[in-house]
Amino acid sequence: MSPKTQDDPVVVVGGLRTPFVKAFSEFTTLDAIALGTAVVRALVSAHKLDRSQVDALVWGGVILPSASPNVAREIVLDAGLDPACEAMTVTRACASGLQAITTAAAMIERGDAEVVIAGGGDSTSNAELKLPQKVVHALAPLALGKPTAGAVLGVIGQLAPFTDLLPQKPRIAERSTGEVMGEAAERMAARNEITREAQDAFAARSHHRAAEALANGTLQPEVIAVQVKGDRWVHNDTIVRGDTSVEKLARLRPVFAKDGTLTAGNATPLTDGAAGVLLMRASKAQRLGLRPLAAIRSWAYVGVDPADQLLMGPALAVPRALDRAGITLADIDLVDLHEAFAAQVLSVLKMLGSEAFARLRLGRAAAVGEVSDDKLNVYGGSLALGHPFGATGARMVTTMARALASGPHRYAVLGLCAAGGLGAAAVLERFDPPVAPA
């Protein structure tokens, strides 16, 4: 970390998000661009920025629209920012939102921009259905040329009746292994001896903590109202179930294996939503009359073999980010782990607390450390709130930055797993302005 970064760090000034809702429900008519635009407009308005003051937008996404894959640029234009505001879209699977934020922080540290909005979002409801490639190859000459009757008959002759013309069902599987994420999580659960009972208890805990945080006003200030059709507005998250219980979750059937432990209750649902944060140096915030929430101390990204333990990445990325921040897990006040599956979080916690794992995977003599229940996902997580793939990292940064600013805590660490065997982590520190000399 350079002296300038230490003395004048990149800070999170604020963060907002849409409500998170189940796919094919309230936000079905809003695509990823519309959801992102709502967040960016709200951030600019909430911080009383002139729209020309935003130098860049970095946005994360996973389900990118084929007609406008650089959703960041479309958001800039739709949100009414200065057309000179440059924009790019980044994708790192479920860590895309955090990737956008750390990319923006690096831009600011290099002096490429002063004020950047970063975040991400996805609309699973608007995921595009893919035609079989055989159909695409057969139809391309007709679409790109001048079809004749003979050409049309030739294409029809290449295709089997009906079945070849059906869109393919989306299947989010690893290209290298053919395994869907839930199947990989089932293997992790078995390998790390994570029981069904432990997974259901963790899922219930997530819902209860999220429900409490929404009810007592801790999380609600992060959530903006979004207009859908006509005069209809969505004001609140719709996935959190504060009345769930281990007993209710135990009734659900396994989803990914006949004798498995993963169910719809201890895995994240398909979700629509977007989240973003406002970033700048502390000195810039002071000049604009804005109060920073937290400084971004460090971050780390890792990769593992998808055929091994696909979602173990946070167990490798978290200690690396801590090392870069010059602190240990014992110094951390709040730990926020993305809850793709309860089995994955519980596996990562077991790895962090394992001396054998530290020796074999990290080259360390001692375990990274245990995470106490009162530090972990204190406001619930993705199991309860939902997981719009590109938005989750920005949601987590927003929540942790606000928690640091409003309480006695100094450090928070975030950890996310992602498809492809990727892992991500970041360390935030409460921002304490320097004391003016007497």
Which residues share a side-chain hydrogen bond (donor to acceptor under 3.5 Å, both in side chains) with [X], sequence neighbours left out:
X	answer
D50	S52
D374	S372
N377	E339

Sequence neighbours excluded, every pair satisfying side-chain hydrogen bond (donor to acceptor under 3.5 Å, both in side chains) that has a member inside residues 302-322: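 Those involving residues 302-322 are R191-D308, N192-Q309, D308-R361.
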
How would you list, by chain and number, every residue that makes a side-chain contact (heavy atoms from CB on, under 4.5 Å) with [X], sequence neighbours excluded?
X	answer
A72	L57, W59, N70, A87, T89
A321	S298, A300, A425, V427
L288	L49, Q53, V115, M280, K284, L290
A201	V246

Write out all pairs satisfying ring pair (Phe, Tyr, Trp, His ring centres under 6.0 Å) with one or both partners inside residues 360-401, taking only residues at least two apart or from two chains.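 Matches after skipping sequence neighbours: H338-H387, H387-F389.
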
Kindly write out the residues that satisfy salt bridge (charged side-chain N to carboxylate O under 4.0 Å, His left out) with D237, not counting sequence neighbours, or none if the list is empty.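 Applying salt bridge (charged side-chain N to carboxylate O under 4.0 Å, His left out) to D237 gives R17.
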
Let me check something: any side-chain donor-acceptor pairs from residues 38-46 under 3.5 Å, sequence neighbours excluded? List them with distances.
from : atom 1 : to  : atom 2 : distance (Å)
R41  : NH2    : D78 : O      : 2.6

Kindly state each residue pair satisfying salt bridge (charged side-chain N to carboxylate O under 4.0 Å, His left out) with at least one member in residues 382-404, sequence neighbours excluded.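 Qualifying pairs, neighbours excluded: E222-R402.
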
